[in-house]
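Quick caveat, the model's predicted, so the values are computed rather than measured. Every chain is numbered from 1, with letters handed out A, B, ... down the list of sequences. Basis for what follows: all heavy atoms, side chains included, without hydrogens, waters or symmetry-related copies.
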Protein chains: 2
Amino acid sequence: MGKQRMNSRLDDFDCHILDMVQRNNLTTHRELADHINLSVPAVARRLQKLRSDCVIAKDISVLNPERVGNPLTLIVSVSIENEAVEQLNAITQRFLDCHQVQQCYYVTGDTDFLLMLSVYDMEECQRLTRSLFLDSGNVKRFRTAVSMRRVKVSMAVTLPRTP
Amino acid sequence: MGKQRMNSRLDDFDCHILDMVQRNNLTTHRELADHINLSVPAVARRLQKLRSDCVIAKDISVLNPERVGNPLTLIVSVSIENEAVEQLNAITQRFLDCHQVQQCYYVTGDTDFLLMLSVYDMEECQRLTRSLFLDSGNVKRFRTAVSMRRVKVSMAVTLPRTP
DNA sequence: CGTGAAAAATGTTTCGG
DNA sequence: CCGAAACATTTTTCACG
């Protein structure tokens with residue numbers, strides 16, 4: 001189930017469009033067109049292509065965790081015992097399946113995984129960590145840090161030039 | 001520059017809407033309405049309110065870092081020397097202003113900040129860390145982990161019930 | 001690739017319950 | 001608050017330069 005064709009590098013127009021929609025994807029084609037001096041159909045065509053080429057991965061509403069009852073953000077670094085492929089896949093899947101795991105990175109360094117959790121309170125956190133780490137059997141050590149302030153939370157990416 | 005009114009708890013309809021738009025906010029009002037058994041105007045009104053109440057923080061396109069030339073993701077934990085308010089604000093602002101800093105959390109524990117960087121290559125990473133940490137004068141220690149795999153990268157939040 | 005205009009789809013407002 | 005219908009805007013499609 002294949003990737004899309006990834007030919008056609010991004011030109012300045014594309015970068016400009018991307019730069020705008022990654023801030024607000026409800027911007028109308030007309031507004032985009034005006035800002036970058038292109039016609040509306042041209043913008044529409046480019047957007048369509050950027051989406052089908054998976055340059056734009058998805059279009060989403062970002063919610064306020066505080067406002068939907070998940071005021072607690074936690075960062076957990078996890079070291080595992082056994083790095084055999086199967087064991088690794090197992091625990092990876094475990095993280096993927098867990099709703100409270102917002103982000104998960106497999107990293108180099110003195111730890112193996114880095115997780116970002118979003119939960120309601122410490123009680124939920126403890127239940128979670130117990131089921132994710134203690135019951136897993138493959139976790140050597142985990143260290144939890146509580147986020148006191150989410151200074152910056154972005155999915156935005158710096159684009160080449162775009163003057 | 002006030003917060004919004006935060007009255008009115010979310011009912012099941014709201015949660016259902018949020019659950020859908022946080023996966024895809026280009027879903028049409030009609031489609032939303034059909035899925036949750038509500039009329040189109042009702043959905044529109046609710047969405048509008050969720051946005052003005054900042055339950056929905058923003059609406060964005062999420063880009064593929066690999067496809068726009070930032071294949072490297074790094075996680076950096078930073079310990080600072082001086083936690084006086086002014087110093088803290090200064091370095092916080094520094095992180096905020098840096099495009100490559102995608103996420104920044106101020107945390108408890110054996111480290112003070114946790115940063116997520118998105119860069120083109122190691123050379124850019126080194127330039128960045130130098131300017132952010134070494135030239136800052138207030139950084140005691142920083143430790144960089146390279147993400148070998150972005151297992152899960154979500155901004156989605158678990159919502160109360162929503163059956 | 002741009003333009004312009006028409007057609008289709010979507011979003012918004014009005015108003016009576 | 002809801003929903004039906006009228007209304008406004010946006011998106012898409014197309015023929016042509």
Considering only side-chain heavy atoms of Thr28(B), which listed nucleotide, dT12(D), dT10(D), dG11(C), is closest? dG11(C)
Using atom NE2 of His29(A) as one end and atom C1' of dT13(D) as the other, report the distance to the nearest whole Å. 14 Å
Arg46(A) side-chain N/O to dC1(C) phosphate OP1/OP2 under 4.0 Å: yes
Mind calculating the distance between CD (Glu31(B)) and C1' (dT10(C)) to the nearest angstrom? 12 Å
For the pair made of CG in Asp11(A) and P in dC1(C), what is the distance, rounded to whole Å? 8 Å
Would you check if the distance from the ring center of Phe113(A) to the ring center of Phe95(A) is below 6.0 Å? yes
Can Asp59(B) and Arg23(A) be counted as an ion pair, charged N to O under 4.0 angstrom? no
CG of Asp34(B) versus C1' of dT10(C): gap in Å, rounded? 14 Å
Output the single nucleotide from dG3(D), dT10(C), dT12(D) whose closest atom is nearest the side chain of Leu38(B). dG3(D)
Considering only side-chain heavy atoms of Ala42(B), which listed nucleotide, dT10(D), dC2(D), dT13(C), is closest? dC2(D)
Atom CZ of Arg51(A) and atom P of dT11(D) are separated, to the nearest Å, by 10 Å
Ion pair Asp112(B)/Lys140(B), N-O distance below 4.0 Å: no
Value in whole Å for how far the C1' atom of dT11(D) lies from NZ of Lys49(A): 20 Å
So, are Lys49(B) and Asp14(B) salt-bridged, with charged N and O less than 4.0 Å apart? no
Gap between atoms CG and C1', on Asn25(A) and dT10(D) respectively (whole Å): 15 Å
How many whole angstroms separate atom CZ of Arg45(A) from atom P of dG2(C)? 7 Å
